[in-house]
Amino acid sequence: MDLSLNPEQRLVRETARDFTDNEIIERARENDRNEHFDLELVAKIAEQGYLGAIVPREYGGAGLDYLTYGLIVEEVGRGDSAMRTVVSVQTSLVCSGILRWGTEEQKQHYLPKLCSGEWLGCFALTEPDTGSDAANQKTRAKKTNGGWVINGSKMFISMANHANVALVFAQTDPDKGHRGVACFLVDTDQPGFQPQEIHHKLGLRGSDTAAISLDDVEATDDQLLGEVGDGFKVAMSNLDSGRYSVAAGCVGICQGCLDASVKYAKERQQFGRPIASFQLVQEMLTDIAVKTDAARMLVWRAGYLKDQGKPNTTETSIAKLYATESAIECANTAIQVHGGSGYVDDYPVERYLRDVRVTTLYEGTSQIQKLIIGRALTGINALVPS
Ligand code: COS
């Protein structure tokens, strides 16, 4: 197995690293403090080609493979998870779905605008009463002449306050269960689409999050993504990409924890010597390093499988489960290395912990990932007790 990156991948990673160091990190703390969704920085990220990196060049993307996309997401995630969320949502939850399920007209209409950052998109699957049980959509889509009317509500939707297009999942026929779900490319610029900002989050304070009420929202037949009944599969396949992206971002957090902790441990003096010289501190640094490497390898494996066009849902769940849980542990350990200084935002580690906490909840909880993996291992579906 060759684990080395090719020259293009190394260049993309170096560029993303410099961009993160120079542009993202310096704004992260203030944006977090002010709960500021930094659209100016989003525009710079778009200019870098990081929104829609996996989209072919003919549709305005960077035409990169998944492994290289993962390298970008890792670097942005090391800098600021709020900005990493923008990259993940726009690229994986929105663009990847349009690319896979969209008609040629839809690809040409939406992808260039999304890749350039002219438009933002959001992924409206979760509802107040529908989280893990994603097939159980309460939002309803009713057929009209030449189109659809959608009513319902969505919850915890990233970027919904700023999105120009929303992938809205809705049930068209409750008797059909998940086979009745449809996905619509909804124009947000209509009176019935009402996002409401969600504040007071534990972390990701620089990220835009909203509840959405959908009140007689209209979509034409041309705005269906996939066929009626494909909606659940659209959601799941987008999440195959989204979970990969979250995992890659968490590798970035692990790496950020390692960098900050090694630096701090070498600078901080106690008992007349750097705390890095104490075995128990080195043990903490080692724990972070091992988890970082292991998480990165799992992400690379999932990316490699995606690039080969091989099945990867289980491997993606393994990467997401391990990387997210590890990143929480790494951030917690990094605070321990920093002592009291790690508890205030002079250092990035407390933000890492607050920001990363959500990653074992969204895009499938750790429990859902375990059940997906367990089902693949045994062939037995333990998701719903019979
Ligand atoms: N890609 C494409 N299609 C997929 C798929 C994937 N990764 N995973 C499943 N499907 C298809 C299946 O092939 C099946 O198709 P058929 O109708 O033709 O048989 C259909 O979708 C139903 O699949 P499955 O039986 O696996 O669904 P379950 O209801 O058993 O399980 C879980 C679904 C729980 C795994 C799913 O609801 C889930 O991931 N929940 C978490 C949701 C989530 O992540 N929410 C966060 C939203 S973003 S913050």
Side-chain angles (χ1 to χ4, degrees), residues 81 84-86 88-94 96-97 99-101 121-139 154-160 163 166-173 175-183 198 201 204 207-212 225-247 249 302 305-306 309-321 324 357-386:
S81 292
R84 196 275 304 155
T85 300
V86 177
S88 296
V89 169
Q90 184 93 341
T91 310
S92 287
L93 294 184
V94 178
S96 87
L99 201 55
R100 168 147 181 206
W101 295 90
C122 68
F123 179 79
L125 177 69
T126 300
E127 302 184 343
D129 295 323
T130 298
S132 294
D133 187 8
N136 190 12
Q137 293 286 306
K138 301 280 193 290
T139 296
K154 298 289 173 179
M155 193 63 180
F156 301 133
I157 309 301
S158 295
M159 311 210 303
L167 267 66
V168 172
F169 296 85
Q171 179 57 262
T172 61
D173 181 352
D175 292 340
K176 291 190 175 153
H178 76 263
R179 294 200 176 98
V181 176
C183 176
I198 294 175
K201 293 173 291 187
L204 286 187
S207 173
D208 175 56
T209 316
I212 310 173
L225 185 59
E227 303 291 323
V228 176
D230 282 343
F232 188 71
K233 291 182 191 182
V234 174
M236 290 299 118
S237 62
N238 289 13
L239 284 167
D240 276 342
S241 181
R243 289 168 183 168
Y244 172 77
S245 196
V246 170
L305 291 171
K306 286 177 198 295
K310 294 192 171 145
N312 61 77
T313 297
T314 308
E315 290 79 3
T316 300
S317 282
I318 291 173
K320 201 254 180 191
L321 172 64
T324 56
R357 189 61 192 84
V358 73
T359 63
T360 65
L361 309 175
Y362 67 16
E363 303 207 25
T365 60
S366 287
Q367 288 69 30
I368 287 291
Q369 308 308 329
K370 287 177 184 174
L371 292 168
I372 291 171
I373 298 162
R375 181 169 62 176
L377 290 174
T378 62
I380 299 169
N381 185 356
L383 281 158
V384 183
S386 50

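Each ligand, and each atom within it, is numbered from 1 in the order the structure gives. Basis for what follows: all heavy atoms, side chains included, without hydrogens, waters or symmetry-related copies. In this chain, residues are counted from 1 in sequence order.
Between Thr378 and Arg375, the side chains place no donor N or O within less than 3.5 Å of an acceptor N or O (distance only, hydrogens not considered). Donor-acceptor pairing under 3.5 Å is recorded for the side chains of Thr209 and Lys201. For the 3.5 Å distance criterion, the side chains of Ser92 and Ser241 qualify, holding a donor opposite an acceptor. A donor and an acceptor atom, one from each side chain of Thr130 and Asn136, are nowhere located under 3.5 Å apart.
Considering only heavy atoms from C-beta on, Glu127 comes within 4.5 Å of Gln137 through its side chain.
Annotation: side-chain contact (heavy atoms from CB on, under 4.5 Å) contacts of Ser88 (sequence neighbours excluded): Val73, Arg84, Ser245.
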Tabulate distances under 3.5 Å between N/O atoms of ligand 1 and N/O atoms of the protein, writing both atom names on each line.
from, atom 1, to, atom 2, distance (Å)
ligand 1, 7 (N), Asp240, OD2, 2.8
ligand 1, 7 (N), Thr313, OG1, 3.4
ligand 1, 17 (O), His178, NE2, 2.6
ligand 1, 17 (O), Arg179, NE, 3.1
ligand 1, 17 (O), Arg179, NH2, 3.1
ligand 1, 18 (O), Lys233, NZ, 2.9
ligand 1, 19 (O), Arg179, NH2, 3.1
ligand 1, 26 (O), Arg375, NH1, 3.3
ligand 1, 26 (O), Arg375, NH2, 2.9
ligand 1, 30 (O), Arg375, NH1, 3.1
ligand 1, 37 (O), Ser132, O, 3.3
ligand 1, 39 (O), Arg243, NH2, 3.0
ligand 1, 40 (N), Ser132, O, 2.8
ligand 1, 44 (O), Arg243, NH2, 2.8
ligand 1, 44 (O), Gly364, N, 2.9

